[in-house]
Peer 1: 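Here's a structure for you.
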Amino acid sequence: MGKLDGRVALVTGAARGIGAAIARRLSADGAAVALADLDLPGCEALAGELAQAGGRALAIGCDVSDASAVQHMVDATIAGLGQLDILVNNAGIIRDNLLFKMTDDDWDRVIGVHLRGAFLCARAAQKPMVERQYGRIISVSSTSALGNRGQANYSAAKAGIQGLTRTLAIELGKFGITANAVAPGFIDTDMTRATAQRMGVTPEAFAAGASQYISLGRIGQPSEVASVVAFLASDDASYVSGQVIYVAGGPAGILM
Ligand code: NAP
């Protein structure tokens with residue numbers, strides 16, 4: 001018996017990194033999982049892997065910043081997997097730059113994917129959740145919500161996700177829906193590896209440097225974010241709503 005048997009989850013940005021780890025964990029815990037991403041072949045490959053392991057999964061191509069694509073994603077989840085119980089807003093991009101060099105496009109794209117995307121997905125998902133009087137909305141924020149050099153766009157989006165989460169909790173609680181956020185610190189994914197490359201250092205050197213500022217003395221793994229998401233998605237977290245859980249290896253972590 002898995003903790004999520006009979007549940008259907010929809011994970012955005014599921015083709016790789018933290019999203020793929022969340023999808024693997026929710027599937028291992030018994031949920032059927034819709035995998036949504038810009039990268040449809042990546043989702044199809046992961047769906048095949050989950051099915052091989054005995055799970056039920058569906059791959060959906062979707063740009064979370066596009067309202068009609070998001071509605072199609074929710075409709076396809078319900079058509080393919082029967083219902084929607086758990087939404088994980090994970091899709092993300094970075095376009096880092098110091099404020100004086102940050103372009104309108106850097107700002108709009110990052111806010112568009114993270115904040116508008118989380119809003120569009122939550123708005124589309126709440127309807128079937130309200131109808132069934134049950135839901136879990138879990139959004140991926142970041143320690144950068146507290147402010148981070150070179151990330152005015154990303155920091156604002158991740159702080160916005162925290163405000164959105166609290167407001168969803170307030171508005172949707174009476175329908176049996178909880179809304180929570182996880183705020184990871186430095187996690188080993190393509191996103192942080194690309195940042196290392198941009199800074200002209202190896203991912204290993206970048207991780208070693210960052211680890212000096214992390215209480216646990218190491219960077220995190222995607223599975224360590226996924227396990228907290230799985231807790232928030234489960235009935236163990238039935239009375240937890242409107243919260244932000246930092247998953248950063250310490251009270252401060254490092255800003256990512
Ligand atoms: P990642 O490896 O870059 O994966 C992000 C995924 O999101 C990619 O598959 C990407 O697809 C997809 N995506 C991007 N834009 C999208 C859109 N408009 N619609 C649908 N999918 C889209 O990043 P990650 O490190 O796993 O990050 C996952 C989440 O955790 C993000 O919200 C990120 O901000 C957050 N986070 C990460 C860290 C960290 O240290 N890694 C720390 C704190 C928070 P493509 O490959 O096709 O672009």
Side-chain angles (χ1 to χ4, degrees), residues 3 11-26 28-29 88-96 110 113-115 118 136-166 178-234 236-237 240-256:
K3 282 190 173 176
V11 182
T12 70
R16 58 189 163 97
I18 293 171
I22 292 170
R24 286 190 179 99
R25 175 61 192 256
L26 298 184
D29 284 357
V88 183
N89 287 315
N90 165 81
I93 57 169
I94 46 173
R95 295 287 183 275
D96 295 355
V110 168
V113 175
H114 291 274
L115 191 51
R136 296 274 188 270
I137 299 175
I138 301 152
S139 300
V140 180
S141 176
S142 166
T143 47
S144 288
L146 303 170
N148 196 22
R149 186 177 167 81
Q151 292 196 317
N153 50 2
Y154 185 77
S155 171
K158 292 306 199 184
I161 281 178
Q162 297 192 8
L164 174 67
T165 295
R166 283 189 281 269
T178 66
N180 292 288
V182 293
F186 189 130
I187 308 297
D188 183 18
T189 68
D190 290 347
M191 185 180 274
T192 42
R193 286 170 179 266
T195 302
Q197 198 172 25
R198 221 176 33 252
M199 294 171 76
V201 293
T202 65
E204 292 70 26
F206 189 47
S211 297
Q212 296 172 38
Y213 304 97
I214 301 171
S215 308
L216 285 173
R218 63 173 178 85
I219 65 169
Q221 293 302 315
S223 61
E224 295 177 296
V225 180
S227 56
V228 181
V229 171
F231 161 68
L232 290 170
S234 76
D236 287 341
V240 180
S241 196
Q243 301 304 307
V244 179
I245 301 183
Y246 282 82
V247 186
I254 190 159
L255 301 173
M256 281 310 300

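Below, all heavy atoms of this structure are taken into account, side chains as well, without hydrogens, waters or symmetry copies.
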Peer 1: For Ala21 versus Ala226, what's the shortest heavy-atom pair and its separation?
Peer 2: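 Distance-wise, the nearest heavy atoms are O-CB, 3.5 Å.
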Peer 1: Arg166: which residues meet the salt bridge (charged side-chain N to carboxylate O under 4.0 Å, His left out) condition with it, sequence neighbours left out?
Peer 2: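 Testing Arg166 for salt bridge (charged side-chain N to carboxylate O under 4.0 Å, His left out), a comparison that skips the adjacent residues, returns none.
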Peer 1: Indicate every side-chain donor-acceptor pair of residues 242-251 with a distance under 3.5 Å to a residue at least two apart or in another chain.
Peer 2:
| from | atom 1 | to | atom 2 | distance (Å) |
| --- | --- | --- | --- | --- |
| Gln243 | NE2 | Ser241 | O | 3.2 |
| Tyr246 | OH | Gln162 | NE2 | 3.2 |

Peer 1: Nearest heavy-atom pair of Ser234 and Phe231: which atoms, and what distance?
Peer 2: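 Heavy atoms only, the tightest pair is OG-O, 2.8 Å.
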Peer 1: Quick one: does any side-chain atom of Ser141 pair with a main-chain N or O of Ile161 as donor and acceptor, under 3.5 Å?
Peer 2: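 Absent.
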Peer 1: With a 3.5 Å distance limit and no angle check, can you tell me whether Asn153 reaches the backbone of Arg95 through a side-chain donor-acceptor pair?
Peer 2: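 Checked: pair present.
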Peer 1: Output yes when a side-chain donor or acceptor of Asn180 lies under 3.5 Å from a complementary backbone atom of Val240, and no otherwise.
Peer 2: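 Yes: the side chain of Asn180 pairs with the backbone of Val240.
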Peer 1: For a quick test of reading the model, state the closest non-hydrogen atom pair linking Ala230 to Asp29 and the distance between them.
Peer 2: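 That would be CB-OD2, 3.6 Å.
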Peer 1: Any donor and acceptor pair, going by atom type alone, linking the side chain of Asn90 with main-chain N or O of Gly13 inside 3.5 Å?
Peer 2: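 Yes; judged by distance alone, with no hydrogens or angles, the pair exists.
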Peer 1: Measuring from atom CD1 of Ile138 to atom OG1 of Thr165, what distance do you get when rounded to the nearest 0.5 angstrom?
Peer 2: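 Here the rounded value is 10.0 Å.
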Peer 1: Quick one: closest heavy-atom pair of Gly92 and Val113, and the distance?
Peer 2: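 Smallest heavy-atom distance, with atoms named: CA-CG1, 3.9 Å.
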Peer 1: Within the structure provided, determine whether Val11 and Leu26 are in side-chain contact (heavy-atom separation under 4.5 Å).
Peer 2: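 They are in side-chain contact.
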Peer 1: Any side-chain heavy atom of Ser223 within less than 4.5 Å of one from Arg25?
Peer 2: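 No, side chains not in contact.
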Peer 1: Main chain of Asn89, side chain of Ser139: is a donor-acceptor contact present, judged purely on distance under 3.5 Å?
Peer 2: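 Answer holds: no.
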Peer 1: Using 30° and 60° as the class limits, which term best fits the ring planes of His114 and Tyr154: parallel, tilted or perpendicular?
Peer 2: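 His114 vs Tyr154 ring planes: perpendicular.
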Peer 1: Nearest heavy-atom pair of Ser155 and Ser144: which atoms, and what distance?
Peer 2: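 Taking every non-hydrogen atom into account, OG-O, 2.8 Å.
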Peer 1: State whether Arg193 and Asp188 are salt-bridged, where the test is any N-O pair (Lys NZ or Arg NE/NH1/NH2 against Asp/Glu carboxylate O) under 4.0 Å.
Peer 2: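 Yes, charged N to carboxylate O under 4.0 Å.
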Peer 1: Could you report the tightest heavy-atom contact between Ile187 and Thr192, atom names first, then the distance?
Peer 2: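 Shortest heavy-atom contact: O-OG1, 2.7 Å.
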Peer 1: Side chains of Ile93 and Val110: closer than 4.5 Å at any heavy-atom pair?
Peer 2: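 Sidechains of Val110 and Ile93: in contact.
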Peer 1: Ignoring hydrogens and geometry, is there a side-chain-to-backbone donor-acceptor pair from Lys158 to Val140 under 3.5 Å?
Peer 2: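 Present.
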Peer 1: Around Gln221, counting heavy atoms of other residues, nucleotides and ligands shown, do more than 12 lie under 6.0 Å from its CD?
Peer 2: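 Correct, the count exceeds 12.
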Peer 1: What's the spacing between Leu232 CG and Ile137 CD1 if we round to 0.5 Å?
Peer 2: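 If we round to the nearest 0.5 Å, Leu232:CG and Ile137:CD1 are 12.5 Å apart.
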